Protein chains: 2
Amino acid sequence: MTIKELANQLNMSTTTVSRVLTGQEKKYRISEKTAQRVKDLAKAHQFAPNQIARNLRLQKTNTIGLIIPDISNPFFANLARTIEVALRKRDKMVLLCDTKDETTIEEESITLLLGRKVDGLLVAPVGEKWAHLEKTNNIPMVLIDRYFEHKEIPYITTDNYAGSYDATSFLISQGHHRIACIQGLVHTSANKNRIKGFQKALADHKVDTAQTFILGNDYSVENGYESAKSLLQAAEVPTAIFALNNQIAIGVMKAINEAGLHIPENISLLSFDEQPYFELLSPPLSSIKQPMEEIGIAAVETLFELLENKKVTSSRLKPTLIPRASVKSIVKS
Amino acid sequence: MTIKELANQLNMSTTTVSRVLTGQEKKYRISEKTAQRVKDLAKAHQFAPNQIARNLRLQKTNTIGLIIPDISNPFFANLARTIEVALRKRDKMVLLCDTKDETTIEEESITLLLGRKVDGLLVAPVGEKWAHLEKTNNIPMVLIDRYFEHKEIPYITTDNYAGSYDATSFLISQGHHRIACIQGLVHTSANKNRIKGFQKALADHKVDTAQTFILGNDYSVENGYESAKSLLQAAEVPTAIFALNNQIAIGVMKAINEAGLHIPENISLLSFDEQPYFELLSPPLSSIKQPMEEIGIAAVETLFELLENKKVTSSRLKPTLIPRASVKSIVKS
DNA sequence: TCTTATTGCGCAATCGATTGTTTAATAGTA
DNA sequence: TACTATTAAACAATCGATTGCGCAATAAGA
């Protein structure tokens with residue numbers, strides 16, 4: 001059913017039908033009677049306008065592109081949830097792209113989304129390249145979780161530096177000086193800032209960095225597993241491991257279990273990212289909790305400010321340390 | 001940049017430009033030289049055709065609507081991942097809708113997606129109503145995870161009945177006769193079949209059903225928590241709990257922990273849905289593992305068969321029992 | 001030289017909805 | 001009655017790409 005067919009049946013022009021159905025009857029002085037006839041027939045046929053045609057004409061799609069590295073990572077899944085709900089409230093729909101943390105797929109996704117004329121973009125970028133993020137015809141874009149320091153693209157992220165600094169300080173306060181940090185994707189701002197916070201805390205507390213390690217290379221369970229395995233085979237096993245996201249932490253736990261060791265007796269563990277099941281693990285896993293919901297909502301709000309041509313500010317939201325049994329104090333008393 | 005602007009610069013018609021850019025140069029005998037000029041200019045301007053206009057003209061959007069009850073549930077998040085990847089391979093994009101397991105939102109989502117002229121639908125329905133799923137203008141649709149028995153809409157799902165039957169039989173074989181089953185959304189086919197499997201296993205093993213309980217009403221952590229809490233306050237606490245999804249299981253564990261009880265000493269627990277961290281829980285959680293990846297891939301394949309007007313068949317894929325320490329044998333020897 | 005094929009490309013309609021500008025009809029005023 | 005306002009609704013262009021049909025121009029054949 002199209003507006004034209006309605007018009008034919010009603011024996012009037014598409015113009016009139018369109019104006020009634022878009023609520024512009026008053027503005028264009030359509031008579032009460034005519035308007036009612038249009039509405040009745042539209043309802044009878046359950047008419048819904050073709051959005052494609054509408055989008056073309058109005059040069060607006062009410063669609064936002066959401067680019068995410070890994071929707072199966074609960075951190076991003078929760079973020080996507082919050083974002084979808086927030087956007088729906090504002091009558092926008094979400095075109096979802098999962099980049100698998102591959103820059104090529106990210107570039108391709110940007111191209112596809114631009115071709116589809118999305119009104120805006122929410123991107124958690126891989127972080128290796130950014131040229132494609134600057135060639136987006138100036139459509140509103142907000143980065144999530146990760147950003148580019150030297151670029152002016154607005155972003156909403158956790159204060160990864162602070163979170164990591166707190167986490168590391170906590171480990172040190174518990175007597176840990178031989179700490180291994182298993183990182184995620186090296187180029188991401190999230191990772192870089194977590195590493196910075198880690199190193200700054202070590203420095204501030206005058207920890208001998210010859211005894212600390214940074215290893216790993218992506219945000220996967222496998223990376224946590226393999227990295228931990230190699231750590232456990234070293235001559236001097238660290239007393240604590242700081243896993244830079246929830247999936248890495250899971251991998252680390254598996255490796256430690258398989259090696260027949262115990263957390264926290266043999267080694268302590270702390271994860272960046274909190275998950276609902278962390279308190280149920282054996283042992284309950286200490287973590288840095290990111291304000292996921294706030295990030296999603298702030299990102300959507302910021303995007304809408306851009307859509308309304310307002311000035312926006314980026315923000316780094318504070319995470320919280322949740323100490324649990326997985327970190328043991330080894331302070332000699 | 002539009003095809004028209006290109007045509008103007010090249011001093012030729014949009015027709016020619018379009019034909020070259022859609023690779024129809026041969027078919028319409030565009031000269032080698034002309035074709036090259038078009039391609040060169042298009043590349044120079046990084047021209048990408050406006051998909052909205054294209055979609056309108058071709059009556060095809062290369063977009064699939066994905067309707068899911070809860071993207072933050074790792075089961076659906078993983079499914080979404082698989083589906084997104086499979087669709088991308090086939091040059092389709094995903095419009096994502098999260099219904100929060102609310103029928104109203106599901107109905108609204110269908111309407112929105114139809115208005116946007118998606119080429120097909122992948123739906124994990126709430127399950128309470130289906131009328132809106134039959135008024136979809138015959139666009140190809142495949143149900144995932146949940147379906148409607150008396151309807152002919154094709155579906156791909158786990159064999160929930162078999163999984164639940166196996167799980168229950170396993171519990172019984174371990175000596176459990178006072179079993180509580182905490183269910184999810186009552187109307188979903190997944191839930192109904194899991195309940196059926198549960199009851200059939202009880203019957204086949206001649207378990208006194210006066211001692212078994214079925215309670216709960218949705219797939220949330222809270223439901224698991226509250227249901228378990230009420231169970232633990234009963235005069236006769238069950239010896240085993242069967243949680244009908246991963247989130248319910250988490251809630252149950254929390255409640256048991258809070259009550260100061262222990263799994264499996266005081267009570268055994270088994271979950272429908274496997275998650276990577278289950279083996280790391282305290283104690284490692286027994287589960288029924290659903291073939292998530294297979295479901296996603298099969299759903300996309302089936303959808304494409306529909307798009308190609310082929311006949312399709314629904315399927316129920318077999319899950320696997322993974323016994324772990326959370327279930328204790330209480331067989332008297 | 002004249003007719004017929006073939007080559008190369010453009011005209012104009014189309015997809016469905018929106019909207020600035022007109023037009024026709026009716027009402028109101030002098 | 002003649003003329004201006006006002007009311008009600010239609011015309012036609014537009015968004016950008018695609019495509020059936022047609023028309024020159026050139027080449028080939030008689």
Side-chain angles (χ1 to χ4, degrees), chain A residues 1-39 41-42 45-63 112 114-119 137 139, chain B residues 1-39 41-42 45-63 91 111-112 114-119 137 139:
Chain A
M1 181 61 48
T2 71
I3 229 176
K4 195 170 169 185
E5 294 173 300
L6 284 181
N8 284 341
Q9 286 194 32
L10 291 163
N11 209 26
M12 53 177 87
S13 75
T14 62
T15 304
T16 305
V17 175
S18 170
R19 286 182 171 146
V20 170
L21 294 179
T22 52
Q24 305 193 73
E25 344 157 11
K26 295 275 151 41
K27 183 175 165 195
Y28 288 102
R29 303 187 299 269
I30 311 288
S31 70
E32 184 69 32
K33 191 177 141 196
T34 307
Q36 200 52 53
R37 284 180 61 216
V38 173
K39 289 178 190 167
L41 192 65
H45 287 311
Q46 298 204 59
F47 171 80
N50 182 320
Q51 295 298 328
I52 305 298
R54 205 148 192 279
N55 292 345
L56 178 60
R57 175 63 224 240
L58 298 179
Q59 300 289 75
K60 184 161 184 268
T61 58
N62 291 314
T63 306
L112 291 173
L114 291 181
R116 280 157 184 266
K117 305 296 169 191
V118 293
D119 294 339
N137 310 322
I139 72 166
Chain B
M1 180 60 49
T2 70
I3 230 178
K4 194 170 171 184
E5 294 173 301
L6 283 180
N8 284 342
Q9 286 194 32
L10 290 163
N11 209 25
M12 53 176 89
S13 75
T14 62
T15 303
T16 305
V17 175
S18 170
R19 284 177 173 148
V20 171
L21 295 179
T22 51
Q24 304 193 77
E25 342 156 14
K26 294 277 150 41
K27 182 176 166 196
Y28 288 102
R29 303 185 300 265
I30 311 290
S31 70
E32 184 70 31
K33 189 176 142 197
T34 306
Q36 199 54 51
R37 284 181 57 216
V38 173
K39 289 179 191 167
L41 192 67
H45 287 308
Q46 298 204 64
F47 171 80
N50 181 319
Q51 294 299 327
I52 304 298
R54 207 151 190 277
N55 292 345
L56 179 61
R57 175 64 226 233
L58 299 179
Q59 299 288 75
K60 188 165 180 265
T61 57
N62 291 314
T63 306
D91 296 319
T111 307
L112 291 173
L114 291 181
R116 279 155 186 269
K117 304 296 166 193
V118 293
D119 294 341
N137 310 325
I139 72 166

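Since this is a predicted model, take the numbers as computed values, not measurements. Numbered from 1 within each chain, the chains take letters A, B, ... in sequence-line order.
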query = When you match B:T14 and A:R19 each to their closest nucleotide on DNA chain D, which lands nearer the 5' end?
reply =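 Its nucleotide being nearer the 5' end, the pick is A:R19.
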request  = Between A:R29 and B:P49, just flag the one whose closest nucleotide in DNA chain D comes earlier from the 5' side.
outcome  =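 Nearer the 5' end of the strand: A:R29.
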ask   = Can you tell me how far CG of A:N50 sits from CZ of A:R57, rounded to the nearest 0.5 angstrom?
value =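 Going from CZ on A:R57 over to CG on A:N50, the span is 14.5 Å.
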[X] has an atom [atom1]; how far is it from atom [atom2] of [N], in whole Å?
X	N	atom1	atom2	value
A:M12	C:dT23	CE	P	22 Å
A:K60	C:dA17	NZ	C1'	15 Å
B:K27	C:dG10	NZ	P	17 Å

Presence of [X] side-chain N/O under 4.0 Å of [N] phosphate oxygens OP1/OP2:
X	N	answer
B:Q59	C:dT14	no
B:S31	C:dC9	yes
B:S18	D:dT18	yes
A:T16	D:dA10	yes
A:S13	D:dA10	yes
A:Q51	C:dG16	no
A:Q24	C:dT19	yes
A:T34	D:dA9	yes

Judged by atom type as modelled, is there a donor-acceptor pair below 3.5 Å linking the side chain of [X] to the main-chain atoms of [Y]?
X	Y	answer
B:T63	B:T61	yes
A:Q9	A:L6	no
A:S18	A:T14	no

inquiry  = Under 3.5 Å, is there any donor-acceptor pair linking the side chain of A:T15 to the base of C:dT19?
reply    =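 It does, because a donor-acceptor pair links the side chain of A:T15 to the base of C:dT19 below 3.5 Å.
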message = Measuring only between side-chain heavy atoms, which start at C-beta, is B:R37 closer than 4.5 Å to B:M12?
response =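 Touching, per the 4.5 Å side-chain cut-off.
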task = Identify, between A:M1 and B:Y28, the residue whose nearest nucleotide on DNA chain C lies closer to the 5' end.
result =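 Per heavy-atom nearest nucleotide, the more 5' residue is B:Y28.
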